J.: 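This structure is in C-alpha cells; I'll ask about it shortly.
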Amino acid sequence: MFHWFLPAVSPSLGILMRVVQIYNQQRSSGGGEEKVVMQTTAWLRERGVETDLLLRSSRGIENSFLKKVQAAVTGIYNPEAYRFMRAYLARHRPSIVHAHNLYPQWSAAVLAAGRDAGVATLFTVHCQVLTCPTWYHLHKNRVCEKCCLSGEHWCILQNCRQNIVESAVYALRHFIVRKRGLFRDNVTIFIAPSKFMRGKLLAAGFSADQVRVIWNAVAIPEQPADPKNGGYVAFAGRLSPEKGVGTVLAAARTLPDVQFQIAGGGPLEQDLVRQAPANVRFVGFLDRDGLARFYRGARLHVVPSVSYEAFPLSAAEAMSFGLPVIASQIGGLPEMVDENVTGLLVEPGNAEMLSAKIRALWDHPHRCHEMGSSGRKWAEAHLTKDV
C-alpha cells in the first residue's frame with residue numbers, strides 16, 4: 001500500500017482556500033474518471049486555489065493474491081487511511097476535502113476523518129459505486145437493479161464479478177458501507193455528474209439537499225473538426241462489457257463500405273480484435289494529442305453503452321470538437337445528446353438500430369456538420385471549466 005502526495009501549487013500570492021483531492025487509481029489507466037480528477041486539480045490550481053492531490057493505486061493488485069486479500073479488507077474500512085488522513089488534516093488544515101473513487105486503498109475511512117476533523121467534504125460520484133456493489137448495474141450485458149431493490153445477496157447469487165469470492169467481497173463491502181451510512185453520514189455534498197445520477201442517489205435514500213449536479217467539463221479546442229470530410233465512425237473508450245463495443249462491431253458488419261476506428265484498451269481488447277470485420281481498425285490507447293487527431297479525422301462518434309453512463313467524457317469531447325454523437329438512450333447520455341439536433345439516440349445493445357442511425361448520418365456529411373456545430377455550441381455553453 002502506498003500513496004503519492006502531489007503538493008499544493010498556487011500561482012497567486014493571496015491564498016483564499018486550500019483543497020485536497022483524494023483518489024484511488026483504478027486498474028486501467030487513462031479512463032474518464034481519472035482524467036476528471038487530474039483536470040479538476042489542474043484547473044483549481046490555475047484559479048489560484050491551493051490544491052493537494054493524494055493518490056493511491058490499485059494497479060498490480062490483480063497479480064498478487066496477498067494484495068487482493070488486503071484490498072478486500074481495507075476496502076470496507078481502512079483504519080490506517082483514517083490515521084493518515086487525520087494527521088494530514090491536522091498538519092495542512094485544508095478548507096475542503098474533495099474525494100473521488102476511494103476503493104479499495106482509501107475506503108470511506110478518509111470521509112470519517114474529514115467529519116471528525118470538522119472539514120467540509122465533497123464526494124464526486126463518477127459511477128454507480130453507491131448503488132451497485134460492482135458499480136455498473138450490469139449483469140450479462142443487461143441493466144440490473146436487483147441489489148437496489150432487494151439486497152446485495154444478488155451480487156453473490158448472480159456471481160456478478162465472475163468469481164464467487166470477489167462477488168461475496170463486493171457484496172459484503174457494499175452492505176456494510178450502506179448499512180453504516182459510511183458515505184451518507186460523512187459527506188457534506190455529493191456531486192452527481194448528471195441529473196440521472198442524482199435521481200439514482202435520491203432513489204437510494206440520499207437527501208435531496210445533499211446531492212448537486214455538476215456536469216463533467218472538457219477543454220474546448222480552439223478549432224473544431226470538419227465532420228463533412230471525416231473518414232470514419234469513431235469510438236473512444238474502455239474496451240469493457242459496459243461500453244457496448246460489441247454492438248459497434250455488429251453494426252459495422254452490416255456497413256462494409258463504412259470505415260470504423262476504435263480507440264482505447266481494456267479487458268475485451270483481444271476478443272474484440274478477433275471478432276472485428278475488415279472495416280474496423282483498432283488504434284489503441286491514445287494520448288491527448290493523438291486523441292485530438294482521432295476526433296478530427298472522424299465523421300461522427302458513437303457511444304453505444306449498455307449500462308448507466310454518468311456523463312461520459314468521450315461524448316463531451318467529441319461534441320467539443322464539433323462531431324455529431326450517436327449514443328445509447330441510457331443513463332446521463334440523453335442529457336447530452338439532443339435528438340436530431342446534436343446527434344441521435346439508439347436503444348442500448350440494438351445493433352440494427354445503430355447501423356441505421358450511422359447510415360442516416362454517414363450518407364449526409366452536411367447534416368453531420370450541422371449537428372456537430374450544434375453540439376459544439378452546447379459544449380461551449382455548458383461544459384467549459386469556467387461554467
Side-chain angles (χ1 to χ4, degrees), residues 3-25 32-57 77-78 80-103 105-127 129-130 177 181-194 197-198 201 206-219 310-311 313 383-387:
H3 65 267
W4 304 342
F5 177 77
L6 302 187
V9 176
S10 175
S12 66
L13 295 177
I15 299 172
L16 300 177
M17 179 186 302
R18 186 186 188 105
V19 176
V20 56
Q21 308 282 335
I22 309 176
Y23 179 54
N24 193 122
Q25 286 181 320
E33 178 180 275
E34 183 171 329
K35 188 180 292 186
V36 170
V37 174
M38 300 303 179
Q39 187 172 265
T40 301
T41 303
W43 287 351
L44 284 172
R45 289 172 176 175
E46 285 180 16
R47 292 301 178 93
V49 178
E50 196 164 278
T51 308
D52 288 341
L53 175 58
L54 304 181
L55 294 178
R56 288 183 176 181
S57 179
Y77 192 88
N78 187 349
E80 180 275 332
Y82 177 89
R83 293 190 297 270
F84 171 87
M85 198 64 199
R86 283 305 303 268
Y88 168 87
L89 295 172
R91 180 180 179 184
H92 297 281
R93 299 185 181 279
S95 310
I96 294 173
V97 172
H98 184 184
H100 300 269
N101 197 328
L102 298 175
Y103 289 142
Q105 304 280 11
W106 291 110
S107 83
V110 296
L111 304 177
R115 177 205 61 198
D116 292 347
V119 181
T121 301
L122 307 178
F123 182 78
T124 294
V125 192
H126 293 281
C127 62
V129 66
L130 300 182
V177 167
L182 296 181
F183 281 85
R184 184 189 63 243
D185 297 340
N186 293 321
V187 172
T188 312
I189 294 292
F190 291 95
I191 298 174
S194 62
M197 285 283 286
R198 182 176 189 270
L201 291 173
F206 290 87
S207 167
D209 293 337
Q210 204 177 10
V211 187
R212 313 289 174 82
V213 176
I214 302 178
W215 286 335
N216 287 331
V218 292
F311 197 89
L313 279 189
L383 305 184
T384 66
K385 60 182 177 182
D386 290 338
V387 174

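Quantities reported herein were computed from a predicted structural model and do not represent experimental measurements.
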J.: Are any of the side-chain heavy atoms of V19 and S95 separated by less than 4.5 Å?
T.: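 Sidechains of S95 and V19: no contact.
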
J.: Can you measure from CD1 (I189) to CD (Q210) and round to the nearest 0.5 angstrom?
T.: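 The CD atom of Q210 is 7.0 Å from CD1 of I189, to the nearest 0.5 Å.
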
J.: Please report the interatomic distance CG(L313) to CD(E34), rounded to the nearest 0.5 Å.
T.: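 Result: 11.5 Å between the selected atoms.
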
J.: For Q105 versus S57, what's the shortest heavy-atom pair and its separation?
T.: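 Smallest interatomic distance, heavy atoms only, reads NE2-O, 3.1 Å.
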
J.: Which atoms form the tightest heavy-atom contact between A217 and Q39, and what is the distance?
T.: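 Shortest heavy-atom separation between A217 and Q39 comes out as O-NE2, 2.8 Å.
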
J.: Show your reasoning for whether side-chain contact (heavy atoms from CB on, under 4.5 Å) applies to D386 and R47.
T.: CA-CA 10 Å; D386 290 338; R47 292 301 178 93; 2.2 Å; yes

J.: Using only atom types and a distance under 3.5 Å, with no angle test, would you say the side chain of R45 pairs donor to acceptor with the backbone of T51?
T.: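 At least one qualifying donor-acceptor pair exists.
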
J.: Would you check if T40 and T124 make a side-chain contact, meaning some heavy-atom pair closer than 4.5 Å?
T.: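 Side-chain contact under 4.5 Å: no.
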
J.: Do the rings of H100 and H98 sit parallel, tilted or perpendicular, given the 30° and 60° boundaries?
T.: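 Judged by the thresholds at 30° and 60°, the geometry between H100 and H98 is tilted.
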
J.: What residues, two or more places apart in sequence or in another chain, satisfy ring pair (Phe, Tyr, Trp, His ring centres under 6.0 Å) together with F311?
T.: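 Here the qualifying residues are W215.
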
J.: Could you check V119 against V20 for side-chain contact (heavy atoms from CB on, under 4.5 Å), going step by step and ending with a plain yes or no?
T.: CA-CA 11 Å; V119 181; V20 56; over 6 Å; no

J.: Please report the closest heavy-atom contact between A109 and Y82, naming both atoms and the distance.
T.: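 Where A109 meets Y82 most closely, the heavy atoms are O-CD1, 3.4 Å.
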
J.: Could you check I191, N101, L201 and say which one makes a side-chain contact (heavy atoms from CB on, under 4.5 Å) with V125?
T.: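 For V125, the side-chain contact (heavy atoms from CB on, under 4.5 Å) test succeeds with only one of I191, N101, L201, which is L201.
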
J.: Tell me whether T188 contacts the main-chain N or O of T121 through its side chain, where contact means a donor paired with an acceptor under 3.5 Å.
T.: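 Looks like yes, one N/O pair under 3.5 Å.
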
J.: Please examine the side chains of V218 and K35, heavy atoms only from C-beta on, and report whether any two atoms are closer than 4.5 Å.
T.: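 Answer no - side chains too far apart.
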
J.: CG of N78 to OH of Y103: how many Å apart, nearest 0.5 Å?
T.: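 Going from the CG atom of N78 to the OH atom of Y103 covers 12.0 Å.
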
J.: Do you know the tightest heavy-atom contact between P94 and Y88?
T.: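 Taking P94 first and Y88 second, the nearest heavy atoms are CG-CE2, 4.0 Å.
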
J.: Walk me through whether Q25 and V37 qualify under side-chain contact (heavy atoms from CB on, under 4.5 Å).
T.: CA-CA 10 Å; Q25 286 181 320; V37 174; over 6 Å; no

J.: Can you name the closest pair of heavy atoms from S194 and A310 and give their distance?
T.: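 For S194 and A310, the tightest heavy-atom pair comes out as OG-O, 3.0 Å.
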
J.: According to ring pair (Phe, Tyr, Trp, His ring centres under 6.0 Å), who are the partners of F206, at least two apart in sequence or on a separate chain?
T.: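 Ring pair (Phe, Tyr, Trp, His ring centres under 6.0 Å) list for F206, sorted by chain: F190.
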
J.: Taking all heavy atoms of A113 and all of R86, pick out the closest pair and write down the distance.
T.: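 The pair with the smallest heavy-atom distance is O-CD, 3.4 Å.
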
J.: Are L55 and M38 side-chain neighbours, meaning at least one heavy-atom pair lies under 4.5 Å?
T.: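 A side-chain contact under 4.5 Å exists here.
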
J.: Rounded to the nearest 0.5 Å, what separates atom CZ in F84 from atom CD1 in I22?
T.: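 If we round to the nearest 0.5 Å, F84:CZ and I22:CD1 are 8.5 Å apart.
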
J.: Can you tell me how far apart NE2 (H92) and CD (E50) are? Round to the nearest 0.5 Å.
T.: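 The CD atom of E50 is 10.0 Å from NE2 of H92, to the nearest 0.5 Å.
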
J.: Would you compute the distance between atom CG of L54 and atom OH of Y23 and round it to the nearest 0.5 angstrom?
T.: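 One finds 14.0 Å between CG of L54 and OH of Y23.
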
